[in-house]
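Side chains included, hydrogens not; waters and symmetry mates left out as well; all remaining heavy atoms used.
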Amino acid sequence: MTAPLISGKGRRSVAALGAVSAGLLLLSACDKPTPLATVTVGSSSVSAEAACSDEQELSMDKVQECLTDIKNAKTIDYGRGDTLRLGVEPDVVEGGKRWQAVLDGQPITEPSANTYRSFPGADIFATGGQGEAPSSKKLNIVQVGADGKPLAVWAFNVKLK
């Protein structure tokens with residue numbers, strides 16, 4: 001009878017090392033997820049990765065497409081007078097980057113380096129007496145670089161309760 005060249009414990013160690021190496025190889029092939037943006041109304045929150053992002057700036061055509069495309073947007077219910085809270089992960093504002101909120105294509109905040117904004121009692125469905133309010137609105141968070149150029153867009157759909 002011949003003795004095994006590698007003991008049972010050694011074989012297990014080699015197998016574990018191989019499994020870890022294979023796992024790391026698979027993970028390196030995946031795209032890095034974009035930071036999350038979160039919209040909170042009352043006790044309900046929805047978070048999403050960027051609908052559009054690029055390592056470079058986004059073209060204006062791409063930004064416009066992202067601002068109007070709602071098929072992949074997360075939805076949250078909103079009642080008149082509720083407090084609307086918007087938050088982004090710290091990665092969004094690193095290195096001089098900022099973000100701003102855009103409602104139905106119109107900026108509603110100035111670019112901010114803070115990771116959180118709160119709008120107590122805001123009525124985002126107010127029409128100013130100009131007809132009936134829509135049943136939903138598109139809310140986007142747009143990340144801009146230090147130069148003010150758009151880098152990423154997160155998409156949410158705010159539905160009137």
Q) Within a reach of under 6.0 Å around CD of Glu89, are more than 12 heavy atoms found that belong to other residues, nucleotides or ligands? A) yes
Q) Taking side chain as C-beta onward, heavy atoms only, is Leu84 less than 4.5 Å from Ile124? A) yes
Q: Under the side-chain hydrogen bond (donor to acceptor under 3.5 Å, both in side chains) rule, collect the residues that match up with Asp123, sequence neighbours excluded.
A: Arg80
Q: Go through the structure and list residues passing side-chain hydrogen bond (donor to acceptor under 3.5 Å, both in side chains) with Thr40, not counting sequence neighbours.
A: Ser45
Q) Is Val46 reachable from Leu86 through a run of I, L, V, M, F, W or Y residues, each pair having side-chain heavy atoms under 4.5 Å apart? A) yes
Q: Give a yes or no answer on whether the side chain of Ser47 reaches the backbone of Leu36 with a donor-acceptor pair at less than 3.5 Å.
A: no
**Q.** Gap separating the CD1 atom of Ile76 from the CG atom of Asp82, nearest 0.5 angstrom
**A.** 9.5 Å
Q: Identify, with sequence neighbours excluded, every residue that meets side chain to side chain contact (heavy atoms under 4.5 Å, CB included) alongside Lys62.
A: Cys52, Leu58, Ser59, Glu65, Cys66
Q: List in chain and number order the residues that pass side-chain hydrogen bond (donor to acceptor under 3.5 Å, both in side chains) with Ser53, two or more places apart in sequence or in another chain; answer none if no residue qualifies.
A: none
Q: Compare all side-chain heavy atoms of Ile141 with those of Val88 and state whether any distance is below 4.5 angstrom.
A: yes
Q. Would you say Lys137 and Leu139 make side-chain contact, with heavy atoms under 4.5 Å?
A. no
Show the atom names and distances, to 0.1 Å, of all donor-acceptor pairs under 3.5 Å that link a side chain in residues 146-161 to residues at least two apart or in another chain.
| from | atom 1 | to | atom 2 | distance (Å) |
| --- | --- | --- | --- | --- |
| Asp147 | OD1 | Lys149 | N | 3.1 |
| Trp154 | NE1 | Pro35 | O | 3.0 |
| Trp154 | NE1 | Ala48 | O | 3.4 |

Under 3.5 Å, sequence neighbours excluded: what are the donor-acceptor pairs made by side chains of residues 92-106?
| from | atom 1 | to | atom 2 | distance (Å) |
| --- | --- | --- | --- | --- |
| Trp99 | NE1 | Asn114 | O | 2.5 |
| Gln100 | NE2 | Thr109 | O | 3.0 |
| Asp104 | OD1 | Lys138 | N | 2.8 |

